[in-house]
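Notes for the one structure printed next.
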Amino acid sequence: MTVFDSRKTEYKDKIRAIATDEKVKFRIVVPRSMSCHAAQLCITKEGETPAYYSMFWAGMCGEAHEYWELHFSATTSGLYFYHFELETDWGKSFIRNVGHGIGDFAPDGADFQQTVYNADFTTPDWIKGGIIYQIFPDRFYFSGEKKKGVRNTRVFRQWGDEPYWKEEQMNGVWNNDYFCGDLKGIEEKLPYLADLSVSCIYLNPIFEANSNHRYDTADYEKIDPLLGTYEDFESLCKSAEKYGIKVILDGVFSHTGIDSRYFNKFENYDSVGAYNSRESKYYEWYKFTDYPDEYKSWWGIKLLPEVIEENESYREYICGENGILRKWLKAGASGWRLDVADELPDVFLDDVRKAVKSENKNAIIIGEVWEDATNKEAYGARRRYLLGEQLDSVMNYPFCDAVLNFIRFQNADAFFDGVMSIIENYPPQVVNVLMNHIGTHDTERAITRLAGPDPEGYGRQWQHEHNKLSVYDYLKGISMLKLASLIQFTLPGVPSVYYGDEVGMQGMKDPFNRGCMEWKEQNEELLKWYKRLGEIRRGTKVFKDGEFIPFFSSHKTAAYKRADDNSEVIVAVNLDEEMVTIPLGNEWGNCYTLLGNAPVNNTLYLEPYRYSLIIRYK
């Protein structure tokens, strides 16, 4: 008999974060033979002293076990850590976390985590149940429109060629090759995105910069001239809205470019930059150690000088009433993705939320955090991203790893553990808007990660040599990507498709994962699959905020439910070499098959590497 399981409602009635003043019921199951005569919940808010709450005896569980229960609530937000302590005839016993949500008698085990968020914390409703599509602007589509004000030092490439990756190709200037994708090009392709049922476009940086990735901002107030104009951005947002699509921007606020109006080392801008004079209004933004040539930079990259986000002048420039955040929301943006959010201090993130929500309460704020964002530590302190005063959502790397590792390494238990750890720790309103990607501009493309060799530890020469899969591995990768995307589109949160994944584009790490969008030789099978997934997701309300319930786990096979008051779906994937039988209840006698195998006599029979997506209405 399990003593405690934080991921099952018979032991903890809310498998999630709770709001302030919201009660959660805890129950433990104790062997009668222990002669337990008192039980306590020991819970500690981080940074404070432990508090003890007496549990009450709640009856027998069979003949050999007994229940002890209590309700707990917290008046302030934060992280709370708990275990249980028993007084028995044999002395004191401890019930602690031994992993995977299981509590057992283990004096040296870990404490469980209970996240408590502000009761008034809400997240934008418009993105729930939708689909995000990520675009690297230089590589999506070129409208053919000639641009003004573009530096003649930029190197223009033929669409579809491999991005430069050798030092000799770049003549000492990295990331200076451009394929001329632009905002007008994205606008032209809105019908294509609508056919994929996309509801939100996430754009990598579009502000003036001097690299093709544009993470070295030169001017937050201007669109990069190669991408277009302020009016082009307004037009894109207005046209997208007609298709029911919103646009969110990439905010790079932990650093600027060395070649910018703010730092201006090369004096390419008509401003007095921090590098030019100590009297510059931007001087106090930067961390000079030996003026002007020694300064702190992002990850030691001298081209990216760090800013002091706590600086009042900088915060006013970005977050003020007439600041950058509000300027682009007024222009039509519906939110921001914050680059390296874990490198932005709390005071800055607090101001970001105030500015964004004051301008548009429905605008979304998504942070780049690679780990569990509820217990992340940075700046020497535990961060409070998801307690209600900073972010709405994060890029969900834990889900990404759980999905891709399951498809590649076929461990259903590990998959469920990865998913449940996030669901257990995050506020439910955050879970429903998580950015669920399986590939981005910072990782290998999904099909490459699934079916290709691991590039970890290898340089660009090796990655270039292994950038294209063999015919066999590519076909295998297509099948694997279909299964991965089925899971991605049906988990809690919002699936995010990296441009070109839906047509089978390949690529190792940067810059190979940033190739030009393939518009001619697309994998039609995969594209048709993504369109069908989009139709199902947008047409099935349970994916908006339905509960996630692990349903079946057997080594290489996983099945789970999504359920709300009106309907219930089952998603099942079998990666085993043998047929797997999954019994269903009688209530599934009248269900509809949306994808894959249909049940027979209330039973799913899944052949090797097969799947099923079924729905029933209550």
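Excluded from the calculations below are hydrogen atoms, water molecules and symmetry mates; all remaining heavy atoms, backbone and side chain alike, are included.
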Would you sort out whether Asp564 and Lys541 count as a salt bridge (charged side-chain N to carboxylate O under 4.0 Å, His left out), showing the intermediate values? CA-CA 9 Å; Asp564 61 18; Lys541 291 183 178 180; over 6 Å; no
For Glu607 and Asn574, run side chain to side chain donor-acceptor pair (under 3.5 Å): C-alpha distance rounded to whole Å, both residues' side-chain angles, the deciding distance at 0.1 Å, then the answer. CA-CA 7 Å; Glu607 296 88 359; Asn574 177 27; over 6 Å; no
Would you check, one step at a time, whether the test side chain to side chain donor-acceptor pair (under 3.5 Å) holds for Asn175 with Tyr164? CA-CA 8 Å; Asn175 303 307; Tyr164 283 158; over 6 Å; no
Go through the structure and list residues passing side-chain contact (heavy atoms from CB on, under 4.5 Å) with Phe406, not counting sequence neighbours.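 In terms of side-chain contact (heavy atoms from CB on, under 4.5 Å), with neighbours along the sequence ignored, Phe406 is linked to Ala412, Phe415, Ile487, Ala558, Val573, Leu575.
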Can you name the side-chain contact (heavy atoms from CB on, under 4.5 Å) partners of Leu527, sequence neighbours left out?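 Partners of Leu527 under the side-chain contact (heavy atoms from CB on, under 4.5 Å) test: Tyr192, Leu196, Glu502, Val503, Gln522, Glu524, Lys531.
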How far does [atom1] of [X] sit from [atom2] of [Y], to the nearest 0.5 angstrom?
| X | Y | atom1 | atom2 | answer |
| --- | --- | --- | --- | --- |
| Leu190 | Leu236 | CG | CG | 6.0 Å |
| Cys516 | Arg139 | SG | CZ | 6.0 Å |
| Leu486 | Leu481 | CG | CG | 11.0 Å |
| Ser496 | Gln134 | OG | CD | 5.5 Å |
| Asn432 | Ser393 | CG | OG | 10.0 Å |

A side-chain contact here means heavy atoms from C-beta on lying under 4.5 Å apart; do [X] and [Y] qualify?
| X | Y | answer |
| --- | --- | --- |
| Cys319 | Phe348 | yes |
| Glu208 | Thr217 | no |
| Trp126 | Val433 | no |
| Gln506 | Arg445 | no |
| Trp298 | Glu343 | yes |
| Lys509 | Glu456 | yes |
| Tyr498 | Arg514 | yes |
| Leu203 | Ile186 | yes |

Would one find more than 12 heavy atoms of other residues, nucleotides or ligands at under 6.0 Å from atom [atom1] of [X]?
| X | atom1 | value |
| --- | --- | --- |
| Glu521 | CD | no |
| Lys146 | NZ | no |
| Glu167 | CD | no |
| Lys330 | NZ | yes |
| Lys476 | NZ | no |
| Phe156 | CZ | yes |

Does NZ or CZ of Arg616 fall inside the cone over Trp588's six-membered ring, less than 6.0 Å from its centre and within 45° of the axis?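 Ring-cation test returns yes.
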Compute both the distance and the angle, then confirm whether Arg562 meets the cation-pi test with Phe548: under 6.0 Å from the six-membered ring centre, within 45 degrees of the axis.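 Negative - Arg562 is either too far from the ring of Phe548 or too far off its axis.
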With [X] via side chain to side chain donor-acceptor pair (under 3.5 Å) - residues at least two apart:
| X | result |
| --- | --- |
| Ser421 | none |
| Thr540 | none |
| Thr490 | Tyr560 |
| Asn362 | none |

N/O donor-acceptor pair under 3.5 Å between [X] side chain and [Y] backbone:
| X | Y | answer |
| --- | --- | --- |
| Asn513 | Asp510 | yes |
| Ser485 | Gln488 | no |
| Tyr426 | Leu386 | no |
| Asp182 | Ser143 | yes |
| Glu241 | Cys237 | no |
| Arg157 | Glu162 | yes |
| Thr123 | Gln429 | yes |
| Ser260 | Thr256 | no |

Applying salt bridge (charged side-chain N to carboxylate O under 4.0 Å, His left out), run through Arg151 and Asp224 and close with a yes or a no. CA-CA 11 Å; Arg151 286 189 187 179; Asp224 191 277; over 6 Å; no
Aromatic ring centroids of [X] and [Y] under 6.0 Å?
| X | Y | result |
| --- | --- | --- |
| Tyr458 | His466 | no |
| Trp519 | Phe140 | yes |
| Trp328 | Phe207 | yes |
| Trp336 | Phe253 | yes |

Knowing that exactly one of Asp392, Ile248, Val494 qualifies, which makes a side chain to side chain contact (heavy atoms under 4.5 Å, CB included) with Ile127?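 Going through Asp392, Ile248, Val494 one by one, the side chain to side chain contact (heavy atoms under 4.5 Å, CB included) with Ile127 is satisfied by Val494 alone.
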Regarding Asn212 and Asp177, do their side chains bring together a donor and an acceptor under 3.5 Å, going by distance alone?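 Asp177 and Asn212 do have a side-chain donor-acceptor pair below 3.5 Å.
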Does Lys327 form a salt bridge (charged side-chain N to carboxylate O under 4.0 Å, His left out) with Glu221? I'd like the steps, not just the answer. CA-CA 8 Å; Lys327 171 185 173 73; Glu221 299 179 35; 5.5 Å; no
Test ring-ring contact (aromatic ring centres under 6.0 Å, His included) applied to Trp529 and Tyr611, step by step: CA-CA 13 Å; Trp529 172 263; Tyr611 53 87; 5.4 Å; yes
Take Tyr499 and His441, measure what ring-ring contact (aromatic ring centres under 6.0 Å, His included) needs, and give me the verdict at the end. CA-CA 9 Å; Tyr499 79 100; His441 62 292; 10.0 Å; no
Could you go through the ring-ring contact (aromatic ring centres under 6.0 Å, His included) check for His213 and Phe136 one step at a time? CA-CA 8 Å; His213 55 67; Phe136 194 83; 7.6 Å; no
Verdict with reasoning, Asp216 to Arg214, per salt bridge (charged side-chain N to carboxylate O under 4.0 Å, His left out): CA-CA 5 Å; Asp216 55 335; Arg214 299 185 173 93; over 6 Å; no
